[in-house]
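Atoms considered below: every heavy atom in the structure, side chains included; atoms not considered: hydrogens, waters and symmetry mates. If you read the sequence from its start, that first residue is 1, and numbering goes on from there.
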Amino acid sequence: MPGFTVEAVARRAGASKATLYRHWPSASALLVDAMDAEFRPLPDLATGDLRADLISFLTAFADMLRHSPFPETMAAFIDAAERDPALAGLHAEITERRREPLLRIVIEASRRGAIRRDVDPELVVDLLSAPFFYRRLIAHRPIPAEMPAAVVDHVLTTLSGDHPAGASRLPG
């Protein structure tokens, strides 16, 4: 965030500060829009095959974490939101919007009886998505291609008491 200034963005974009200020009243507002634009909507799936839907969603999520500037933008945004209450509110709003597709998959699965109805859908979303954030943003470790299936299988095993067909494990 220290290098993220309207001046620096204007210089890099080849635009004037006045032009940027016409669209964004502050560097924080510009950062929010940059963050929102970079975090492309993930697929909104509902095929009825819970395992396949979750793996597809998490694969797209992992690809975004692997192959885009999103992680760097996210880190700057989290840092800024810790210091600025207005940004913290915007961060919470963006986070809620981005969780919606995965939350819908989990809620629908609960309605269909594919997972126990007594399970907290918000917690399931946390359990499914947190390993990817941790690997990329905290541990700075690669996200293996098989990680979405492994995470889904572990979470579904916990929610159903069964071991899903084709369950996979992460290497080492």
For Val6 and Ser26 the tightest heavy-atom approach is CG2-C, 4.2 Å
What one should report as the nearest heavy-atom pair of Pro144 and Arg135 is CD-NH1, 3.7 Å
Quiz item: If Ile, Leu, Val, Met, Phe, Trp and Tyr residues are connected whenever their side-chain heavy atoms lie under 4.5 Å apart, and connections chain through other members, are Val155 and Tyr134 in the same group?
Solution: no
- Message: Any side-chain to backbone donor/acceptor pair from Thr19 onto Ala15? Under 3.5 Å, distance only.
- Response: no
Exactly one of Leu102, Thr47, Leu58 clears side chain to side chain contact (heavy atoms under 4.5 Å, CB included) with Asp53, and that residue is Thr47
Contacts of Ala114 meeting side chain to side chain contact (heavy atoms under 4.5 Å, CB included) (sequence neighbours excluded), chain-then-number -> Leu50, Ala109, Arg112
request  = Would you please test Glu108 and Arg104 for salt bridge (Lys or Arg N to Asp or Glu O under 4.0 Å) and show each step?
outcome  = CA-CA 6 Å; Glu108 182 55 34; Arg104 276 194 295 276; over 6 Å; no
- [ ] Give a yes or no answer on whether the side chain of Ser110 reaches the backbone of Val106 with a donor-acceptor pair at less than 3.5 Å.
- [x] no
Taking every heavy atom of Pro148 against every heavy atom of Phe132, the minimum-distance pair comes out as CA-CZ, 3.7 Å
The reported gap from OG1 in Thr95 to CD1 in Ile78 (rounded to nearest 0.5 angstrom) is 7.5 Å
Can you confirm whether Leu54 sits close enough to Leu156 that some side-chain heavy atom of one is under 4.5 Å from a side-chain heavy atom of the other? yes
Shortest non-hydrogen pair, Arg97 vs Pro101, comes out as O-CD, 3.8 Å
Using only heavy-atom distances, determine whether the side chains of Thr59 and Ser56 contain a donor-acceptor pair under 3.5 Å.
-> no
TODO: Could you state whether Phe61 and Leu123 fall into the same hydrophobic cluster, counting links through intermediate Ile, Leu, Val, Met, Phe, Trp or Tyr residues with side-chain heavy atoms under 4.5 angstrom apart?
DONE: yes
Here the salt bridge (Lys or Arg N to Asp or Glu O under 4.0 Å) pairs for residues 6-29, sequence neighbours left out, are Glu7-Lys17
Arg51 side-chain N/O to Val152 backbone N/O, donor-acceptor pair under 3.5 Å:
no
ask   = Do side-chain atoms of Arg136 reach the backbone of Leu65 as a donor and acceptor pair under 3.5 angstrom?
value = yes
His154 and Thr158, any side-chain heavy atoms less than 4.5 Å apart: no
Residues 118-128 vs side-chain hydrogen bond (donor to acceptor under 3.5 Å, both in side chains), sequence neighbours excluded, gives Arg99-Glu122, Arg99-Asp126, Arg116-Asp118
Smallest heavy-atom separation, Thr5 atom then Ala8 atom, equals OG1-N, 2.9 Å
When rounded to the nearest 0.5 Å, the distance separating CD1 of Ile143 from CG of Asp63 is 9.0 Å
Scanning both residues in full, the closest heavy-atom pair of Val151 with Leu127 reads CG1-O, 4.1 Å
Do Glu93 and Leu90 come within less than 4.5 Å of each other through their side chains, counting heavy atoms only?
yes
